[in-house]
There are 2 protein chains.
Amino acid sequence: METTIDIKDDVSEIILNSAKTIFARYGFKKTTMDEIAQAARKGKSSIYHYFKSKEDIFKAIVEKEADELSAAIAKAINAETTSEKKIRAYVLARMKGINNLTNLYSALKDEYLEHYSFIENVRVKYDTEEVNTIKGILKTGVEDGEFKIEDINLTAFALVTALKGLEYPLFIKNNNAKTEKRFEGLLNVLFYGIIAR
Amino acid sequence: METTIDIKDDVSEIILNSAKTIFARYGFKKTTMDEIAQAARKGKSSIYHYFKSKEDIFKAIVEKEADELSAAIAKAINAETTSEKKIRAYVLARMKGINNLTNLYSALKDEYLEHYSFIENVRVKYDTEEVNTIKGILKTGVEDGEFKIEDINLTAFALVTALKGLEYPLFIKNNNAKTEKRFEGLLNVLFYGIIAR
DNA sequence: GTTCGACCGAAAAACCAATTTGGTCGATTA
DNA sequence: TAATCGACCAAATTGGTTTTTCGGTCGAAC
């Protein structure tokens with residue numbers, strides 16, 4: 001199934017891939033349109049036939065990555081039956097997926113502070129999606145009598161926030177195989193609490 | 001008990017208090033040593049008799065605030081009997097205490113991004129203290145048979161991280177009376193989990 | 001439909017003079 | 001000895017100007 005030229009070798013795709021490596025290496029600001037064009041073996045003006053701005057290219061890259069992560073997570077969730085297992089699958093898939101974004105992300109961490117509001121926009125949009133995903137699982141769990149939750153909205157929001165907070169110290173800094181077990185421990189707290197019975 | 005001049009009216013204390021209001025208003029960078037000296041009704045050189053640098057003054061202020069918060073939290077914890085109540089008291093006291101730091105913090109949020117590594121140092125030191133506090137409570141709770149926790153270290157760390165992550169969206173942005181109730185809901189999840197039984 | 005050279009305007013970088021400012025020192029006071 | 005301060009310095013910052021870079025447009029060519 002690779003005998004023909006891959007249909008994804010579209011010019012847009014070439015530009016996106018070229019740009020991605022340069023962005024990952026130099027960050028958004030330091031990357032020039034000329035560099036992107038050269039890497040794609042095109043003239044600078046040609047790029048504008050496919051994307052309306054540098055920001056646009058960046059947005060396309062980030063959204064593509066985010067979509068791939070979304071898809072991977074959805075797949076992992078659907079493979080499970082109970083709500084508890086779905087939550088576990090979600091956390092694991094998310095954790096692994098975030099790792100792949102590390103390259104792009106680390107190049108941007110210095111610029112993250114600056115006022116590139118469009119980055120924030122993408123993040124907010126994705127956060128909302130995450131909360132909704134979790135909310136859906138929790139809701140189903142409650143309806144099935146599997147979970148008992150006072151405030152689903154708050155719990156979903158808190159879970160996502162906590163996960164995001166744990167991302168950095170647990171994963172970025174401490175990137176070994178034990179990390180997965182650690183998340184398991186946390187999930188047990190989430191499911192069963194810490195009160196003895 | 002206020003008939004004599006308060007022993008805290010030390011010159012160091014005057015300098016610290018003067019500096020605090022100026023820092024809170026203008027931030028670290030924009031505040032000059034001359035301004036601090038004037039506010040303390042001293043010559044600029046005199047300041048250096050008590051503090052070795054501007055950074056030093058700032059550090060002293062932050063550490064003082066942090067110590068006061070620590071004390072308030074410790075007091076709240078000790079007033080409670082069971083471990084569960086101690087945790088609840090801790091979270092509430094912490095939440096309220098952080099609010100008081102808002103002034104200083106908000107003036108710094110723009111400079112927070114810059115490489116004032118000493119700020120980060122204070123934060124790390126304080127984080128460690130927080131984790132240890134929680135760890136102590138959890139340990140006692142387990143020993144008393146009140147809690148049942150797989151990995152105390154991880155749970156304490158996760159709880160602090162999650163609290164820190166929830167601080168901003170739950171508290172700074174949404175500063176109404178309902179916030180307290182929200183934390184209550186979260187604590188219930190922590191104690192009892194979400195699994196129905 | 002695609003590619004590109006030439007060009008534009010705004011933003012950034014580079015440069016420089018003038019000023020500010022964190023910090024030192026020695027003398028003075030008490 | 002402890003505390004205060006005026007005078008001073010080197011380094012950083014500021015303000016303003018010039019130069020360069022860079023994102024983006026346009027029209028021609030294929």
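We name chains A, B, ... by the order of the sequence lines, and we start the count at 1 in each one.
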Reading DNA chain D in the 5' to 3' direction, which nucleotide is the first one with an atom under 4.0 Å from a heavy atom of chain A, and which is the last?
D/dC22 to D/dC26
Please report, to 0.1 Å, the donor-acceptor pairs under 3.5 Å made by any side chain of residues 36-47 of chain A, with sequence neighbours excluded.
none

Measure the shortest side-chain to side-chain distance between B/L187 and B/L190 over non-hydrogen atoms and say whether it is less than 4.5 angstrom.
yes
Pairwise side-chain contact, A/L163 with A/Y90, heavy-atom cut-off 4.5 Å (strictly under):
yes
Nucleotide C/dG9, atom P - distance to CE of A/M33 in whole Å
20 Å
Would you check if the side chain of B/E35 reaches a backbone N or O of B/T32 as a donor-acceptor pair within less than 3.5 Å?
yes
Short N/O separations, protein against nucleotides 1-5 of chain C, under 3.5 angstrom:
| residue | atom | partner | partner atom | Å |
| --- | --- | --- | --- | --- |
| C/dT3 | OP1 | A/K42 | NZ | 3.3 |
| C/dT3 | OP2 | A/Y50 | OH | 2.6 |
| C/dC4 | OP2 | A/G43 | N | 2.6 |
| C/dC4 | OP2 | A/S46 | OG | 3.2 |
| C/dG5 | O6 | A/S45 | OG | 2.2 |

Measuring only between side-chain heavy atoms, which start at C-beta, is A/M33 closer than 4.5 Å to A/I57?
yes
When the distance from CG of A/D34 to C1' of C/dA6 is rounded to whole Å, what number comes out?
13 Å
Axis-to-axis angle across the helix from C/dG1-D/dC30 to C/dA30-D/dT1, five pairs each end, nearest 10 degrees, ~ 40°
With sequence neighbours left out, which residue pairs that include part of residues 65-77 of chain B fulfil the salt bridge (Lys or Arg N to Asp or Glu O under 4.0 Å) condition?
B/K20-B/E65
Parallel, tilted or perpendicular for A/F28 and A/F23, by the 30°/60° rule?
parallel
So, B/R88 and B/E84, do they make that salt bridge, N to O below 4.0 Å?
yes
Can you tell me how far P of C/dT24 sits from NZ of B/K54, to the nearest Å?
14 Å
Can you pull out every salt bridge (Lys or Arg N to Asp or Glu O under 4.0 Å) where at least one residue sits in residues 142-159 of chain A? Sequence neighbours excluded, please.
A/K139-A/E143
Picking from A/K164, A/K125, A/K135, A/R94, what satisfies salt bridge (charged side-chain N to carboxylate O under 4.0 Å, His left out) with A/E130?
A/R94
